[in-house]
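Order of the sequence lines sets the chain letters (A, B, ...), proteins ahead of strands, with each chain counted from 1.
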Number of protein chains: 2
Amino acid sequence: MFVTGHNAEDEKEPAPSAASIRDVAKAAGVSYQTVSRVINHHPNVSQKARDKVTAAMAELGYRPNRAARALANGMDRAVTVLTSNTNLFGYAETLGGIEVAARAAGVHVAIRVLPSDSPEDIAAAVDQVSDPRSGAVIVLAFDREGSQALEALPATVSWAGAAESWLGRQSSLAESPRLTWYDDTAAARTATEHLLDLGHRTVHHVAIPSSSPVGDRERGWKQALEAAGAPVPEVVQPHGWSIAGAYDAARELLLDPDVTAVLCGNDDQALGVIRAANDLGLKVPEDVSVVGFDDVPAAPYFTPALTTVRFDFAALGRRAFELLELGSGSTEERAPLASPALIVRESTGPAPQGRTAARTTPPPQHLRAAGAGAEPRHKEDR
Amino acid sequence: MFVTGHNAEDEKEPAPSAASIRDVAKAAGVSYQTVSRVINHHPNVSQKARDKVTAAMAELGYRPNRAARALANGMDRAVTVLTSNTNLFGYAETLGGIEVAARAAGVHVAIRVLPSDSPEDIAAAVDQVSDPRSGAVIVLAFDREGSQALEALPATVSWAGAAESWLGRQSSLAESPRLTWYDDTAAARTATEHLLDLGHRTVHHVAIPSSSPVGDRERGWKQALEAAGAPVPEVVQPHGWSIAGAYDAARELLLDPDVTAVLCGNDDQALGVIRAANDLGLKVPEDVSVVGFDDVPAAPYFTPALTTVRFDFAALGRRAFELLELGSGSTEERAPLASPALIVRESTGPAPQGRTAARTTPPPQHLRAAGAGAEPRHKEDR
DNA sequence: ATGAAAGCGCTAACAG
DNA sequence: CTGTTAGCGCTTTCAT
């Protein structure tokens, strides 16, 4: 189990300097082009030659030089993921899915983050990945950064994207089957209907950032409300993804006794809303029902356990990779993505007869002063 | 805001096929070596030539070919991050820190995940990144997968690592200043002392996976207990990182009325323990105090808000990158890493006089059947 | 200060 | 089936 000391024997030689295709050829007693053929699985190589080459490669510890290969091919077998974020659940999970698929296909994966949606930052990132010779790119277009990068990508690079559904439906993009997405609108509709079915007069909505002025989840929520003839309250739009934003907004929102059901843009926000309810002396779900999106691993362990919509982001990532068609040529059958599923747990319940009035006590100490523990480390706003 | 349609004009030309150094040279009226010199910031170029070249590059949209460069240099300016995980907070955050530092230094970042700690998987991953020509590697050695990969890395590759502290203190590795870590042992000691100071007779420990048989956090916990003359209970070691594991283990553990304080290996586990306490009719912190590690963004919004130890993983990632010394040559001053800090919130309190007895009601429906919502999507065990 | 020439390791036409 | 001959785009001597 303990580290032994980094193969000190390796350091004796004057520098073995990596065996090349010619070294292998010499050792195998063939020309180096034959070695190349073996490496590239060309059909026209005798079994005997192939065996000799394989043996020589193993003996010399031959390792193809990616750079030389990319240079000669005019193309590297690599994909770089363009994303504004590496931490948020959906992003990290999608990245993980891409990596799994790429690894299986023998494709290298790189990552480039979009630090902001400023034109300069977008341009710099797009410029960096715009060289078709250095591989394909997958952009995570769940937000403004991503969709703007997508927009700015030159037509010369091979790309694919995981996006919000509105983007996928854009005519200009819909023509090329390079975008995957989940139907956020339908998912939000389902979640809203669940709340309405529970007898809530209407549902309020706390939104996450979106790549468009009106997010898909917001759209679905509104559709469900209108279909049911329920009033459509104003959307609560905290700045950014931070839980603090949702918490603060909810402390305002929940003062209104008419608010008995809140659909949140994601599970993090839902947590903030639940906590805000607690701090105002409101019980979830007795006084107010809360729904999230994503189904993060922690959701079943919240108090109360969160009712939420599950998305399989890893599958989304895998699909995005498939769209690149970097596979071994064969157009494999693509299993359809499973639809998002509403997972009903404890945070939603029947509409209260008369909702408890909110206690307007101040937030707990640890959430009060900025920097006193309210996630000062994290970039919260954009 | 809406996508306009992928620069259709770009597609008119028969294929501009990327300007090369020679095209630039021709346009600028110089030899192509001069262009190379400009690109590489060589001193011996007249200002006039430099200007012409710069202009030509801009006009032609010149973009250096990374592969050609890597081939000629025998080395790519890239770093690949070797990690078992992309989702867990500490990992994702460290990755983010590395990306930031690498981007600032103009270094590409790739990622390779270690799907398991099986010898084959470790070997395959190490083999993939072992070519010094394709850049440096940073391994996230917070667990067995990572530390084993570190161990298997050939001495020929340029590497650095973010690790647990025991690894950093290994003599064989300590000689080379390529490892960063936080003092997990001291942090755990502090957290345990906090609990002891609150009057708890002893502290129980639920552990996360570690890269060594005895994790650093476990070690620190034990040290604090022994220093205080408190009994050292058996460590609870659920399999893997899953919250479910911690939850299940805690439902067992908390049956014992002597358990009044639990130090958890990370915040996720702490959430599971809190939920288990709830489900057993125990109040946190009145009946049992709970401490986590990491300070995830959600921690302040748990109910109760979590007392935990904050680590700046992004800084750890940045530091790991610095250790590669890929910077512009100058050995910049390295700011010391801030020490982990205990953040006291609501989940810890004075030891109870007599602890409530646990109600042995069954777990809530949504946590009962596997696949019924208890994070069936995620690889929980290893 | 600048140009000419060689070669990094590999693939891809070509010949045989 | 296998070997020969050219480059891919760039950096690095070496001249000038």
Side-chain angles (χ1 to χ4, degrees), chain A residues 15-54 56-57 60-78 106 108 130-135 156, chain B residues 15-54 56-57 60-78 106 108 130-135 156:
Chain A
S17 82
S20 87
I21 201 180
R22 315 194 197 242
D23 300 321
V24 174
K26 201 171 304 170
V30 298
S31 75
Y32 68 83
Q33 297 70 3
T34 299
V35 176
S36 173
R37 290 191 183 98
V38 171
I39 293 169
N40 296 290
H41 304 100
H42 271 266
N44 284 359
V45 180
S46 67
Q47 189 56 45
K48 212 179 127 201
R50 191 181 301 279
D51 290 344
K52 281 192 297 184
V53 169
T54 309
M57 292 198 306
L60 298 180
Y62 169 75
R63 201 190 298 287
N65 183 326
R66 236 182 98 201
R69 221 162 174 174
L71 179 57
N73 273 332
M75 164 67 67
D76 194 7
R77 273 185 77 77
H108 283 252
S130 283
D131 192 339
R133 297 169 300 192
S134 50
T156 41
Chain B
S17 81
S20 88
I21 201 181
R22 313 192 199 244
D23 300 320
V24 173
K26 203 172 302 170
V30 299
S31 74
Y32 67 83
Q33 296 74 1
T34 300
V35 177
S36 173
R37 290 191 183 98
V38 171
I39 294 170
N40 296 290
H41 304 100
H42 271 267
N44 285 1
V45 180
S46 68
Q47 189 58 44
K48 212 179 124 201
R50 191 180 301 277
D51 290 344
K52 282 193 296 185
V53 169
T54 310
M57 291 197 307
L60 297 181
Y62 170 76
R63 200 190 298 287
N65 182 324
R66 235 183 100 201
R69 221 162 174 175
L71 179 59
N73 273 331
M75 163 66 70
D76 195 7
R77 273 185 76 76
H108 284 251
S130 283
D131 192 340
R133 297 170 300 193
S134 51
T156 42

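Side-chain proximity of A:A72 to D:dT2, C:dG9, C:dG7: nearest is C:dG9. Residue B:N73 has its side chain nearest to D:dT12 when only D:dG3, D:dT12, C:dT11 are considered.
One finds no side-chain N or O of A:S31 lying less than 4.0 angstrom from the OP1 or OP2 phosphate oxygen of D:dT4. An OP1 or OP2 oxygen of D:dT2 is reached within less than 4.0 angstrom by a side-chain nitrogen or oxygen of A:S46. Between B:S20 and D:dG9 there is no side-chain polar atom (N or O) within less than 4.0 angstrom of OP1 or OP2. Remark: A:S36 is not in phosphate contact with C:dC10, judged by side-chain N or O atoms under 4.0 Å from OP1 or OP2. Distances shorter than 4.0 Å separate none of the side-chain N or O atoms of A:Y32 from OP1 or OP2 on D:dT5. Neither OP1 nor OP2 of C:dC10 sits under 4.0 Å from any side-chain N or O of A:N40. Between A:R69 and the phosphate of C:dT11, there is a side-chain N or O to OP1/OP2 separation shorter than 4.0 Å. Close to D:dC1, at under 4.0 Å from its OP1 or OP2, lies a side-chain N or O of A:N44.
You'll find the side chain of B:I39 reaches within 4.5 Å of the side chain of B:M57, heavy atoms only. Contact of the A:S36 side chain with the A:I21 side chain is registered, since non-hydrogen atoms from C-beta on lie closer than 4.5 Å. Side-chain contact between B:V38 and B:K52: absent, with no pair of heavy atoms (C-beta onward) separated by less than 4.5 Å.
Among the atoms of the strands shown, only primed sugar atoms or phosphate atoms (P, OP1, OP2) are found under 4.0 Å from some heavy atom of A:A49.
When atom types are taken as modelled, the side chain of A:D131 and the backbone of A:R133 share a donor-acceptor pair closer than 3.5 angstrom. In this structure, the side chain of B:D51 does not engage the main chain of B:K48 through any donor-acceptor pair within 3.5 Å.
When each of B:Q47 and A:L71 is assigned the nucleotide of DNA chain C with its nearest heavy atom, B:Q47 is the one assigned upstream, toward the 5' end. With the nearest nucleotide of DNA chain C identified for both B:Q33 and A:V35, B:Q33 has the one nearer the 5' end. For the pair A:R22 and A:V45, nearest-nucleotide mapping onto DNA chain D gives the more 5' position to A:V45.
Residue A:I39 contributes atom CD1, which lies 6 Å from atom P of C:dC10 at whole-angstrom precision. Whole-Å rounding puts the A:M75 CE to D:dG9 C1' distance at 16 Å.
Between the side chain of A:R66 and the base of C:dG9, no donor-acceptor pair of N or O atoms lies under 3.5 Å. Between the side chain of A:R133 and the base of D:dG9, no donor-acceptor pair of N or O atoms lies under 3.5 Å.
Two end axes, each from the C1' atoms of five base pairs, can be drawn for the helix from C:dA1-D:dT16 to C:dG16-D:dC1; they diverge by 30°, to 10 degrees.
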